[in-house]
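Naming: A, B, ... by sequence-line order, numbering from 1 per chain.
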Amino acid sequence: DVKVTQSSRYLVKRTGEKVFLECVQDMDHENMFWYRQDPGLGLRLIYFSYDVKMKEKGDIPEGYSVSREKKERFSLILESASTNQTSMYLCASRAGTSNQPQHFGDGTRLSIL
Amino acid sequence: GDSVTQMEGPVTLSEEAFLTINCTYTATGYPSLFWYVQYPGEGLQLLLKATKADDKGSNKGFEATYRKETTSFHLEKGSVQVSDSAVYFCALSDLGSARQLTFGSGTQLTVLP
């Protein structure tokens, strides 16, 4: 089974802090994704990566950056956290072609105070 | 662009009732179709998939058939259990668009004992 592990289930940070969310997958997948999930807005893609050191913006990249230095790890960075970034963050990975499913981690519920 | 439309929730059923959650899609290419399930406080889990017309995906008693003529991928289960209470998401992945899944808005299912 594919295992996607997010470093924290719950996280509480302060406004203005730099926040790192980590995601690791164990299936040698080329593609990795970060989403946020909010009530009434569904899942929205923040960034994705199709290879080491490669990244592409999703639908809502503002206020976020990402890092992919190793194939198995994809980090989401909130440069200066704000209260409107309080959300559930979901990481996913996928093998090469888009007809393969994405596999999700358990999510990180992030609260910015 | 691609889109997925799911039936509005919430859906409340008694244990052992028959379940149908409707899903229709629009896509420019030849999509693969997926159903994901999200239990409270957790990430999304792949429930089943179908990659071409007339394919039937099945898992844990759930089934869905890829109907190209009606652009539908309805989820069904013959006898639901309390443990099936969750949010169900229909999604598509278009081979012409490598970047992401397009999700429906999700359907909340509650099964009462």
Side-chain angles (χ1 to χ4, degrees), chain A residues 1-10 21 23 25 27 29-51 54-61 66 87-110, chain B residues 1-10 23 25 27-53 55 57-60 64 66 73 86-108:
Chain A
D1 274 359
V2 177
K3 184 70 174 175
V4 178
T5 302
Q6 294 184 230
S7 53
S8 304
R9 292 295 301 273
Y10 301 93
L21 302 183
C23 175
Q25 51 96 2
M27 285 301 292
H29 285 169
E30 294 87 349
N31 304 281
M32 296 188 75
F33 306 81
W34 276 107
Y35 295 86
R36 63 178 284 178
Q37 184 179 24
D38 301 286
L41 297 176
L43 286 95
R44 294 179 290 169
L45 182 67
I46 304 171
Y47 267 98
F48 69 103
S49 168
Y50 52 88
D51 203 350
M54 306 304 290
K55 61 184 180 184
E56 285 203 26
K57 294 179 180 179
D59 300 318
I60 51 163
V66 290
S87 185
M88 170 73 106
Y89 290 87
L90 294 167
C91 175
S93 73
R94 192 196 73 209
T97 54
S98 61
N99 63 350
Q100 298 299 313
Q102 291 186 17
H103 298 271
F104 286 80
D106 285 337
T108 295
R109 187 162 293 282
L110 175 65
Chain B
D2 298 343
S3 68
V4 176
T5 303
Q6 279 182 244
M7 66 185 286
E8 293 282 331
C23 172
Y25 67 90
T28 53
Y30 300 93
S32 294
L33 301 173
F34 307 93
W35 276 101
Y36 285 85
V37 58
Q38 186 176 33
Y39 299 101
E42 298 185 8
L44 275 70
Q45 299 177 23
L46 178 67
L47 183 58
L48 53 83
K49 68 174 184 177
T51 57
K52 61 183 188 297
D55 269 2
S58 62
N59 186 25
K60 299 180 182 180
Y66 188 162
F73 193 54
V87 180
Y88 292 82
F89 293 91
C90 185
L92 74 81
S93 180
D94 195 332
L95 201 58
S97 172
R99 44 175 280 173
Q100 65 178 85
L101 289 173
T102 300
F103 286 94
S105 56
T107 302
Q108 172 78 56

Worksheet item: From A/Asp106 CG over to B/Tyr39 OH, what is the distance, rounded to the nearest 0.5 angstrom?
Response: 13.0 Å

Practice prompt. Sequence neighbours left out, what passes ring-ring contact (aromatic ring centres under 6.0 Å, His included) with A/Tyr47? Give chain and number order.
Written response: none

Worksheet entry | Where A/Met88 and B/Glu42 come nearest, the two heavy atoms and their spacing | CE-O, 4.3 Å

Worksheet entry | Spacing of CD belonging to A/Gln100 relative to OG belonging to B/Ser32, to within rounding of 0.5 Å | 7.5 Å

Item to complete: Would you mind checking which part of B/Thr51 comes under 4.5 Å of any heavy atom in chain A, side chain (CB onward), backbone (N, CA, C, O), both or neither?
Response: side chain

Worksheet entry | Side-chain heavy-atom pair A/Phe33, B/Leu101 within 4.5 angstrom cut-off | no

Response to the item:
Under 4.5 Å to a heavy atom of chain B? For A/Gln6 that would be neither

Worksheet item: Which pair of non-hydrogen atoms, one from B/Gln38 and one from A/Leu90, has the smallest distance, and what is that distance?
Response: NE2-CD1, 4.4 Å

Practice prompt. With rounding to the nearest 0.5 Å, note down the distance linking OG in B/Ser105 to CG in A/Leu41.
Written response: 11.5 Å

Practice prompt. Flag the one option from A/Gly107, A/Pro101, A/Cys91, A/Gly105 with the top tally of heavy-atom pairs under 4.5 Å to chain B.
Written response: A/Pro101

Discussion item. List the residues meeting ring-ring contact (aromatic ring centres under 6.0 Å, His included) with A/Phe104, not counting sequence neighbours, and say none if there are none.
Written reply: A/Tyr35, B/Tyr36

Worksheet item: Taking all atoms of both residues into account, what is the closest heavy-atom pair of A/Gln37 and B/Phe89, and its distance?
Response: NE2-CZ, 3.5 Å

Discussion item. Please classify the contact between A/Arg109 and chain B as side chain, backbone, both or neither, with a heavy-atom cut-off of under 4.5 Å.
Written reply: neither

Practice prompt. Answer with side chain, backbone, both or neither: which region of B/Leu44 has an atom nearer than 4.5 Å to a non-hydrogen atom of chain A?
Written response: both

